[in-house]
Amino acid sequence: MDNRIIIEMTTTQTVDSQEDRNTQEYHGRYREMDDKAVLQYMHVDEIGRTQNRLELAEQHCCMITKGDMDRTMEFIPGKRTTTSMRTPMGCMDLDIVTHAYTLDVYKAEEPHMKVVLVYDLYSGGNLLAENRLEVKVRPASIVK
């Protein structure tokens with residue numbers, strides 16, 4: 001795969017039975033490192049700019065965000081992990097409970113890579129949100 005990619009991310013977040021679904025597309029880079037696929041992209045919104053790195057291994061994944069909001073989130077199915085998220089409003093400690101993670105790689109089809117991640121976020125033992133993240137990756141040279 002060419003290292004220039006298009007990353008399509010669809011997030012579904014449920015808070016107090018209210019579901020919010022959002023799809024965004026990013027231009028990014030792909031590389032392989034230590035038996036992991038690494039996706040890198042920049043996100044810009046009303047909070048600020050963040051450089052993001054999604055590290056995809058066979059059994060787990062990690063999202064590292066640097067910039068106006070810093071955090072490292074590790075997703076291991078069946079495990080509870082913790083992170084401290086720095087935001088412009090201060091730091092927040094979060095627990096992550098990962099329910100499902102799949103990584104599918106297709107060499108001859110579109111998309112070339114698909115990731116599905118299902119997890120819950122907790123703060124102080126209280127459920128903040130139920131989350132589903134779907135990531136589709138294709139070479140930047142291929143038009144939808």
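Position 1 is the first residue of the sequence, and the numbers go up from there. Note that the coordinates shown come from a computational prediction; the quantities given were computed from them, not determined experimentally.
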Undergrad: With distance as the sole test, does N131 use its side chain to make a donor-acceptor pair with the main-chain N or O of A129 at under 3.5 Å?
TA: yes
Undergrad: Determine whether R29 and N3 satisfy the following criterion, side chain to side chain donor-acceptor pair (under 3.5 Å), listing intermediate values before the conclusion.
TA: CA-CA 5 Å; R29 296 277 181 192; N3 73 344; 3.1 Å; yes
Undergrad: Can you list the other members of the hydrophobic cluster that holds L127, where links are side-chain heavy atoms under 4.5 angstrom apart?
TA: V97, Y122
Undergrad: Check side chain to side chain donor-acceptor pair (under 3.5 Å) between T83 and all other residues, then give those that pass, not counting sequence neighbours.
TA: none
Undergrad: Has T81 got a side-chain atom pairing as donor or acceptor with E74's backbone, closer than 3.5 angstrom?
TA: yes
Undergrad: Keeping the roles fixed (side chain from H112, backbone from R138), state whether a donor-acceptor pair exists under 3.5 Å.
TA: no
Undergrad: Which heavy atom of L94 sits nearest a heavy atom of S123, and at what distance?
TA: CD2-CB, 4.1 Å
Undergrad: Between Y41 and R53, is any pair of side-chain heavy atoms under 4.5 Å apart?
TA: no
Undergrad: Would you call D95-R80 a salt bridge at under 4.0 Å N-O?
TA: yes
Undergrad: For residues L121 and I96, determine if any side-chain heavy atom of one lies less than 4.5 Å from a side-chain heavy atom of the other.
TA: yes
Undergrad: Check whether the side chains of T11 and N22 place a donor and an acceptor atom closer than 3.5 Å, and report yes or no.
TA: no
Undergrad: Could you go step by step and tell me if E134 and R132 meet the salt bridge (charged side-chain N to carboxylate O under 4.0 Å, His left out) rule?
TA: CA-CA 7 Å; E134 209 171 297; R132 178 183 173 87; 3.4 Å; yes
Undergrad: Show me the side-chain donor-acceptor pairs of residues 32-39 shorter than 3.5 Å, one per line, residues at least two apart or across chains.
TA:
residue: E32; atom: OE2; partner: Y30; partner atom: OH; Å: 2.7
residue: K36; atom: NZ; partner: E55; partner atom: OE1; Å: 3.2

Undergrad: Do F75 and H60 make the cut of ring centroids closer than 6.0 angstrom?
TA: no
Undergrad: Considering non-hydrogen atoms only, spot the tightest contact between L103 and A57 and give its length.
TA: CD2-O, 3.6 Å
Undergrad: Less than 4.5 Å apart, any side-chain heavy atom of E19 and any of Q13?
TA: no
Undergrad: Do I6 and E25 have side chains that get closer than 4.5 Å, going by heavy atoms?
TA: yes
Undergrad: Passes side-chain contact (heavy atoms from CB on, under 4.5 Å), T82 versus D93? Steps please.
TA: CA-CA 7 Å; T82 61; D93 292 329; over 6 Å; no
Undergrad: Between L56 and Y101, is there a side-chain heavy-atom distance shorter than 4.5 Å?
TA: yes
Undergrad: Enter the distance from C62:SG to I76:CD1 here, rounded to the nearest 0.5 Å.
TA: 9.0 Å
Undergrad: Using every non-hydrogen atom in the two residues, find where L54 and M9 come nearest and quote the distance to one decimal.
TA: CD2-CE, 4.3 Å
Undergrad: Carefully, step by step, assess Y119 and E130 under the rule side-chain contact (heavy atoms from CB on, under 4.5 Å).
TA: CA-CA 6 Å; Y119 64 98; E130 298 168 348; over 6 Å; no
Undergrad: Identify which one of T50, D70, N52 satisfies the side chain to side chain donor-acceptor pair (under 3.5 Å) criterion when paired with T65.
TA: N52
Undergrad: Could you measure the distance from the OG1 atom of T102 to the CD atom of Q59? Nearest 0.5 Å is fine.
TA: 11.0 Å
Undergrad: Give the minimum heavy-atom separation between L128 and M92, together with the two atoms involved.
TA: CD1-SD, 4.5 Å
Undergrad: Using the side chain to side chain donor-acceptor pair (under 3.5 Å) rule, take H43 and Y26 through it: C-alpha gap first, then chi angles, then the decisive distance, then the call.
TA: CA-CA 8 Å; H43 177 80; Y26 302 98; 2.6 Å; yes
Undergrad: State whether the number of non-hydrogen atoms from other residues, nucleotides or ligands found under 6.0 Å of H99 atom NE2 is greater than 12.
TA: yes
Undergrad: Does some side-chain heavy atom of K136 sit less than 4.5 Å from a side-chain heavy atom of M113?
TA: no
Undergrad: May I ask you to test the V15-D20 pair for a side-chain heavy-atom distance under 4.5 Å?
TA: no
